[in-house]
Amino acid sequence: MELAKAYKPIEHEQAAWDLWLKAKAFAADPSQVKANGGTKDPYAIVIPPPNVTAALHLGHALNNTLQDILARMHRMKGYETLWMPGTDHAGIATQAVVEKRVMKEEKKRKTDFTREAFIAKIQAFKDEYEAVITGQLKAMGCSCDWDRQRFTMDDQCATAVREAFFILFRDGLIYRGKRLVNWDPALQTAVADDECYDEEVDGQFYFLKYPLVDSDETITVATTRPETYLGDTAVAMNPRDSRAKALVGKKVRLPLVGREIPIIADDYAVLPESMATTDEEKNDPKAKFSTGFVKMTPAHDTNDYEIGVRHGLAMVNMMSPDGRVSDKHGWDGAKMPPEFLGKKMEEARKLVVEEFTKLGLFEGVKPTRHSKKFSDRSKAVVEPYLSDQWYVRVTDPKMARTANAALVPEQRTSNHTGGTGFQPVPNGLKARSTDGELSFFPPRYAKTYEHWHDNIRDWCISRQLWWGHRIPVWSLSLDSQPDGTSFATAAQRVQEIVQRVLTAYGVSGDVAMRLCGESFDDGRLDICARTVAAERCLDDLLAVILETKDKWYELPAASAVGSDWTWLTEHVYPPETDRDPDVLDTWFSSALWPLSTMGWPNPRAFPGNEGMLEAFNPTSTLCTAREIITLWVSRMVMFNRYFRSDEVTKKRSDEVASPSSTSSLRHSVTSSLPGPVPFKHVYIHAVIQDGEGRKMSKSLGNGVDPLDIIESHGSDAMRFTLCQMATDTQDVRLPVQKDSKTGKNTSPKFDLGRNFANKLWNASRFALSMIGGSPLRGEVAAEQRSESPATSASLASGRPGGATHLSLIDRWMLSRLATGVHAADASLAQYQFSEYAMGCYTLLWNDFCDWYLEGIKPTVANSPQQQAVLAQSLDAIIRLLHPVMPFVTETLFQHIRHIQTATVAGITLTPATKLGTLCTAGWPKVDASLRDENAEREFARVQALVALIRDIRAKHQVKPARKITLHVPASLKLTGIDDLIKTFAGIDIIATDATQTGVPFAFEGAELRVSNLIDPAEAAAAAATGGDANDAEKARLTKQIADMDKSIATLEGRLNNPGYADRAPPAMVQQTRDQLTKAKADRDAAAAALAKL
RNA sequence: GGGCGAGUAGCUCAGCGGCUAGAGCAUCCGCCUUACACGCGGAGGGUCCAGGGUUCGAAUCCCUGCUUGCCCA
């Protein structure tokens, strides 16, 4: 079959893809893995699920290219390979995009729809983008197991999320707590950081005096928000403040409120300008306004909140959700002056000034500008607001510390002491067998990971959104009643009633209850439902209490409640009795990804998952970006190790054994073996920036669409270029240009990959033309070769003991191949993708094309041995390149796999296992014995001499077709390399005469000449202008002499250095002497030639 | 504020104790040489950010500074 002159990706990519799918080449079979009684080692990658928010960009292309390289390489190496694909629902991002879209297209808000209706809209959007993303990955050639594609909110993943939440809730690792959120008082909802914008506004610093307790003195605080003084719980001053010693520990009394609050010392308080000593302090813009005293309002300011947590300050909320002063939403019984109650924040501010003025405690104002947060949608001023949120207790040793213990010892920090993270294993205890399994590439990222866990804080997992996994907790709030029942008694009774209902529905094992609080003010019963059945039970129970369903009294729950109904309805506080409206942080479901995608917790519940966890968890490698280390990597490690721990696993199997047992509240947490890591290696890839070092983004318009590159250059070209860029550094730059024809962004860098693919294509085309038509063993059918390669004849490498002697260039090529394959293996094993790409590049382009193919042209047609070396080398190179350029290599393989030649001893090329596909063929094995130093040394002589002659040819503008004569002195031996020199340098005769004609040059210390450069007829004409030629010759030799002199000076300098001979390794010294001898000889030869001109 | 990178040819990057510091692109010269002009052959081009130090020897290791980027808080 004829191959086109140039590789046209678009004509071949689809066919290759179809072949792979037809062969089911990417399907992972867990039963093949040793853990399940099979014979293979597993190799697994879970894709970092792309957000369904938008199409993939070049960073995704890079990351997925690298994953595909790893997957394909391991598949060829015989690993049972799973690359799990899927997408992420990306809660806030997706909901925001859809909200914007709906606003633009329908002029409607989220709240104009029911929750269900709006979720359906997001779902439709998700379907749309999931299809786009999947299409992109397939166009890139990603060898995922597409039949297993998951989505973080599909039924399988949702089941895992439910189970995980339940277990954590049951085990006391999930709790409810208060946290500052961005509150939009107009919409009365929390808003995320990216739904706010900052704006500089004119404001004022207000100066308020607070009287010291038991003293007539006052201190003055400066603030831009005087109204929040109602929620003050401390005053801070800098410990270096000269007054601090006397004042810290004393108390002040808040005017009107009457609350006594402490004065604390904290660096956060800025020293007044007059006390500042360093430039930094003086230049702090706040120093100008500072009095040295800062009011602390932890419930209404993010900085104060941090300090409040640090110093254990009380949190007093003085605002209601609609942004008015309130004493109804506070804690610790805060008392507000009645005149403030119900006032808006702006009104309250004026009132503060008035009241303080009346009391003589107002010192004045100074104008300032400061930045303020506003809500995108309502434009209202965003208030930091304390509200109820759910947390995962990742500070528990079973979480953060276990995550750090997962690090391989050599990547742990040696001087590790504090923190919640790693602690040395106590004496006498063996380290966990599952510890020390995790390593980072490049290793420096282990520090990021470790540091994160050392300083980790509990993870807030609730989000005030609609799109996501809704928190599976129902709350019964208790209210005191005149009958005088104590809180504890009432709570006890409620739990008993709930328990009866659960039993009636047969779901008591699927529910965990926890009582929160100790009084009717803040007490409630939280009930977590593990399954949909349990959920229905709770719905019914609430319906019975609230009478919200038709014929509620006929529900099984009603009979289970029975005569307690009246009592129950009197004690359960209706308005807040419901399922929690919030959804889980997206990372909660992502954190379960290596578990949920493989069927955890119950592989039998969804088809095809059996044996997956055993086979593929832990996975082998996770490829991701560095900011993901904290967001995702850490959480996957914590979750995998917790949910696959002995403790959790055993508890689950006990439940299966006796499903009726109730999940008790706060299981006793006993010491247990943590589970395995979710992945052994974490590879962190570089960030792609544009040519100016800026992030690629839509707003800058500097983004490059992978599909555009695939269209213009081909998928392989994009992949190769990206792989070649993937170095260990943090950022890589890709100069971006706008294509004048299409108007699309592209980069000239992709030409590299396109040219390389074309080079491979043409090298193969040439090889096929040489050997495709003349099989060595015509009697062996084409298909048979791939079945039983051992039947074909085998060529020895020409080394001692070999049957057939190979020529120098063949031995050289095999040596280069052996080195190249070894280097590629080593590079990929260390995630050195760029080195792998560049190594392959040199091997194919320089070694194979420039030297080998050119060198064998005169001989290959008549040498079956050479044809074998040619075919086997090309086949090996194509296999080596398959992971990075799957399409072109697969296309070519479909031709070269039919070639019949002898095999080459030392090269093992295992045939394909599925439909003759390269992607299931064996990774090339080239025996190290094929490395041949002698051949490399001799060939290097060829290359050096050829380079000198080519230089002369170029300077003299000798036509490529013209054969010239080389004159060498008899002392210089070119035995065995003379034919190659003739081929490469365009020489027809190598004479050993001592002619003085022609162009002289120095090689290996001898004076050589080339003559007959020009056609005799032209020579006569040129003789007239001989002076010019002579001048050029002189210039050339002069430069050669200068180069040699420079080299000689360097080498002599080194040898003359007294310490060198003494301290440097002897071999190195000898090498330097040899170099010097050679350089001097070359210089002398060149000088002699110059003198004769 | 803490942590991690980068600064080498016009551009994008390798090299990270010892070759005359390399590659691709770009530039210049010559070639449609029968696989490839997405090509072939050749050439020019670098105070390896600056300043100290360690070493027989530093682009490479250490320190200081400058420029620049990212992550976490």
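Side chains are part of it too, since the values below use all heavy atoms of this structure and drop only hydrogens, waters and symmetry mates. Convention: sequence-line order gives letters A, B, ...; per-chain numbering from 1. Quick caveat: nothing in here was measured; it's all calculated off a predicted structure.
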J.: A:Met725 near the nucleic acid: base, sugar-phosphate alone, or nothing, with a heavy-atom cut-off under 4.0 Å?
T.: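 The residue A:Met725 makes no contact with any strand.
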
J.: Side chains of A:Tyr1060 and A:Thr1072: do they bring a donor and an acceptor to under 3.5 Å?
T.: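 Short answer, yes.
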
J.: Output the distance between atom CZ (A:Arg412) and atom OH (A:Tyr449), rounded to the nearest 0.5 Å.
T.: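 So the CZ of A:Arg412 and the OH of A:Tyr449 are separated by 10.0 Å.
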
J.: Sort out the partner of B:G1 for me: Watson-Crick or G-U wobble, both distances under 3.5 Å, none otherwise.
T.: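 B:G1 is paired with B:C72.
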
J.: Can you tell me how far the CG atom of A:Asp1062 sits from the CG atom of A:Asn1057, to the nearest 0.5 Å?
T.: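 Result: 9.5 Å between the selected atoms.
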
J.: Is there a Watson-Crick or G-U wobble partner for B:A50 with both distances under 3.5 Å, and which nucleotide is it?
T.: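 WC or wobble partner is B:U64.
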
J.: What N/O pairs connect the protein and nucleotides 25-33 of chain B at under 3.5 Å? Give each pair on its own line.
T.:
none

J.: Check the phosphate of B:C4 against A:Arg626, side-chain N and O only, distance under 4.0 Å to OP1 or OP2. Yes or no?
T.: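 No, no such contact exists.
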
J.: Starting the side chain at C-beta, find the nucleotide from B:G69, B:A37, B:G15 nearest to A:Lys5.
T.: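 That would be B:A37.
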
J.: Is A:Arg1054 close enough to B:U20 that one of its side-chain N or O atoms is under 4.0 Å from OP1 or OP2 there?
T.: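 Answer is yes, contact under 4.0 Å.
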
J.: Rounding to the closest angstrom, what is the interatomic distance between B:C70 and B:C36 at atom P?
T.: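 Looking at atom P only, B:C70 and B:C36 are 47 Å apart.
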
J.: Taking atom P in both B:U20 and B:C25, compute the distance separating them and give it to the nearest angstrom.
T.: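 About 26 Å, rounded to a whole number of Å.
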
J.: Classify the side-chain pair A:Ser715/A:Glu13 by whether it contains a donor and acceptor separated by less than 3.5 Å.
T.: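 On atom types as modelled, these side chains do not qualify, holding no pair under 3.5 Å.
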
J.: Give me the distance, rounded to whole Å, that separates B:C49 from B:G5 when you measure between the C1' atoms they each carry.
T.: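 My reading of the C1' atoms in B:C49 and B:G5 gives 16 Å.
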
J.: Rounding to a whole Å, what distance do you find between A:Asp728:CG and B:C16:C1'?
T.: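 Roughly 12 Å, once rounded to whole Å.
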
J.: If you pin A:Gly1059 and A:Lys695 to their nearest nucleotides in RNA chain B, which one's is more 5'?
T.: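 Result: A:Gly1059.
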
J.: Does A:Lys857 qualify as a cation-pi partner of A:Phe766, given the criterion of NZ or CZ under 6.0 Å from the six-membered ring centre and within 45 degrees of its axis?
T.: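 Yes, A:Lys857 lies over the aromatic ring of A:Phe766.
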
J.: Output every pair passing salt bridge (charged side-chain N to carboxylate O under 4.0 Å, His left out) with a member in residues 832-852 of chain A, not counting sequence neighbours, ordered by first then second residue.
T.: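 Of all non-adjacent pairs touching residues 832-852 of chain A, those that pass salt bridge (charged side-chain N to carboxylate O under 4.0 Å, His left out) are A:Arg816-A:Asp847.
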
J.: Can you tell me if the side-chain N/O atoms of A:Ser834 get under 4.0 Å from OP1 or OP2 in B:C13?
T.: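 For B:C13, neither OP1 nor OP2 has a side-chain N or O of A:Ser834 closer than 4.0 Å.
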
J.: Which nucleotide, if any, forms a Watson-Crick or G-U wobble pair with B:U20, using both distances under 3.5 Å?
T.: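 Partner of B:U20: none.
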
J.: Are A:Asn762 and A:Arg765 linked by a side-chain donor-acceptor pair shorter than 3.5 Å?
T.: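 There is such a pair (donor and acceptor under 3.5 Å, judged by atom type) between the side chains of A:Asn762 and A:Arg765.
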
J.: Compare the minimum distances between each of B:U12, B:C40, B:C70 and the side chain of A:Asp850, then state the nucleotide with the smallest one.
T.: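 Ranking B:U12, B:C40, B:C70 by closest atom to the A:Asp850 side chain puts B:C40 first.
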
J.: Say we look at B:G44 and B:C29: how far apart would their P atoms be, to the nearest angstrom?
T.: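 Here B:G44 and B:C29 have their P atoms 15 Å from each other.
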
J.: Say you pick atom C1' in B:C28 and the same atom in B:A9; how far apart are they, in whole Å?
T.: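 15 Å, rounded to whole Å.
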
J.: Please tell me whether A:Thr630 and A:Trp452 have a donor and an acceptor in their side chains that are separated by less than 3.5 angstrom.
T.: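 Note: A:Thr630 and A:Trp452 side chains miss the donor-acceptor criterion.
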
J.: Taking the C1' atom of each, how far is B:A14 from B:A6, in whole Å?
T.: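 Each nucleotide's C1' atom is 14 Å from the other's.
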
J.: In Å, rounded to the nearest 0.5 Å, how long is the span from CD1 of A:Ile949 to CD1 of A:Ile987?
T.: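 Output value for this atom pair is 3.5 Å.
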
J.: Does the pair A:Lys1078/A:Asp1074 count as a salt bridge with the N-to-O cut at 4.0 Å?
T.: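 Here A:Lys1078 does not pair with A:Asp1074 in a salt bridge, since their nearest N and O are not under 4.0 Å apart.
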
J.: Expressed in angstrom and rounded to an integer, what is the separation of A:Gln724 atom CD from B:A23 atom C1'?
T.: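 Rounded to whole Å, this separation is 9 Å.
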
J.: Expressed in whole Å, how much space separates the P atoms belonging to B:G7 and B:C62?
T.: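 It comes out at 14 Å once rounded to the nearest Å.
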
J.: Can you tell me the Watson-Crick or wobble partner of B:A59, both distances under 3.5 angstrom?
T.: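 Paired with B:A59, as far as the under-3.5 Å criterion goes, is no nucleotide at all.
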
J.: Of the listed nucleotides (B:A35, B:C13, B:G42), which one gets closest to any side-chain atom of A:Arg950?
T.: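 The nucleotide sitting nearest to the side chain is B:G42.
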
J.: Scan A:Val732 against the nucleic acid and name what it touches under 4.0 Å (heavy atoms): base, sugar-phosphate only, or nothing.
T.: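 Counting heavy atoms under 4.0 Å across all strands, the contact made by A:Val732 is with sugar-phosphate only.
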
J.: OP1, OP2 of B:C40 versus side-chain N and O of A:Lys759: anything below 4.0 Å?
T.: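 True: A:Lys759 side-chain N/O within range (under 4.0 Å) of B:C40 OP1/OP2.
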
J.: For A:Lys447 and B:C72, is the shortest distance between a side-chain N/O and OP1 or OP2 below 4.0 Å?
T.: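 No, A:Lys447 has no side-chain N/O under 4.0 Å of OP1/OP2 on B:C72.
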
J.: Mind checking who B:C40 pairs with, Watson-Crick or G-U wobble, both distances under 3.5 Å?
T.: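 B:G30 - that is the nucleotide pairing with B:C40, both distances being under 3.5 Å.
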
J.: Can you classify the ring geometry of A:Trp851 versus A:Phe939 as parallel (below 30°), tilted (30 to 60°) or perpendicular (above 60°)?
T.: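 Taking A:Phe939 first and then A:Trp851, their aromatic rings stand perpendicular (interplane angle over 60°).
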
J.: Looking at the side chain of A:Gln1075, which of B:U20, B:C71, B:C13 is the nearest nucleotide?
T.: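 Given the options B:U20, B:C71, B:C13, the side chain of A:Gln1075 is closest to B:U20.
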
J.: OP1 or OP2 of B:A35 less than 4.0 angstrom from a side-chain nitrogen or oxygen of A:Lys857, does that happen here?
T.: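 So the side chain of A:Lys857 is within the cut-off, an N or O lying under 4.0 Å from OP1 or OP2 of B:A35.
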
J.: Under 4.0 angstrom, heavy atoms only, what part of the nucleic acid is A:Ile629 near: base, sugar-phosphate, or nothing?
T.: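 The residue A:Ile629 makes no contact with any strand.
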
J.: Measuring from atom CG of A:Asn404 to atom OG of A:Ser634, what distance do you get when rounded to the nearest 0.5 angstrom?
T.: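 Spacing of CG (A:Asn404) from OG (A:Ser634) equals 8.5 Å.
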
J.: Quick check on RNA chain B: between A:Thr448 and A:Glu835, whose nearest nucleotide comes earlier from the 5' end?
T.: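 Mapping each residue to its closest nucleotide by heavy atoms, the 5'-most match is A:Glu835.
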
J.: Might you list the N or O atoms of the protein lying below 3.5 Å from N or O atoms in nucleotides 43-49 of chain B, with each pair's distance?
T.:
unit_1: B:G44; atom_1: OP1; unit_2: A:Lys1039; atom_2: NZ; d: 3.3

J.: For nucleotides B:G3 and B:G15, find the distance between their P atoms and express it as a whole number of Å.
T.: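 Each nucleotide's P atom is 25 Å from the other's.
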
J.: Where the side chain of A:Arg765 is concerned, which of B:C19, B:C38, B:A35 is the nearest nucleotide?
T.: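 Nearest listed nucleotide: B:A35.
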
J.: Starting from P on B:A35, measure out to CD1 on A:Ile896 and report it in whole angstrom.
T.: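 Checked: the CD1 to P distance equals 19 Å.
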
J.: Kindly indicate whether the side chain of A:Glu627 and the base of B:C71 share any N or O donor-acceptor pair separated by less than 3.5 Å?
T.: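 Not at all, since no donor on one side and acceptor on the other fall under 3.5 Å apart.
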
J.: Which of these, A:Phe441, A:Phe440, A:Tyr836, sits in a side-chain contact (heavy atoms from CB on, under 4.5 Å) with A:Tyr831?
T.: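 Single side-chain contact (heavy atoms from CB on, under 4.5 Å) partner of A:Tyr831 among A:Phe441, A:Phe440, A:Tyr836: A:Phe441.
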
J.: Determine the contact category for A:Arg444: base if any of its heavy atoms lies under 4.0 Å from a base atom, sugar-phosphate if only primed atoms, P, OP1 or OP2 are that close, otherwise nothing.
T.: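 Counting heavy atoms under 4.0 Å across all strands, the contact made by A:Arg444 is with sugar-phosphate only.
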
J.: Among B:G15, B:C70, B:A23, which is the nearest nucleotide to the side chain of A:Gln730?
T.: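 Among the listed nucleotides, the one closest to the side chain of A:Gln730 is B:C70.
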
J.: Do A:Glu854 and B:A35 have a side chain to base donor-acceptor pair shorter than 3.5 Å?
T.: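 Such a pair exists between side chain and base.
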
J.: Contact class for A:Asn1057 (heavy atom, under 4.0 Å): base, sugar-phosphate, or nothing?
T.: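 It contacts sugar-phosphate atoms only.
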
J.: Can you check whether A:Thr729 has a side-chain N or O nearer than 4.0 Å to OP1 or OP2 of B:C4?
T.: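 No.
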
J.: Both distances under 3.5 Å, Watson-Crick or G-U wobble: report the partner of B:A14, or none.
T.: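 Its partner: none found.
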
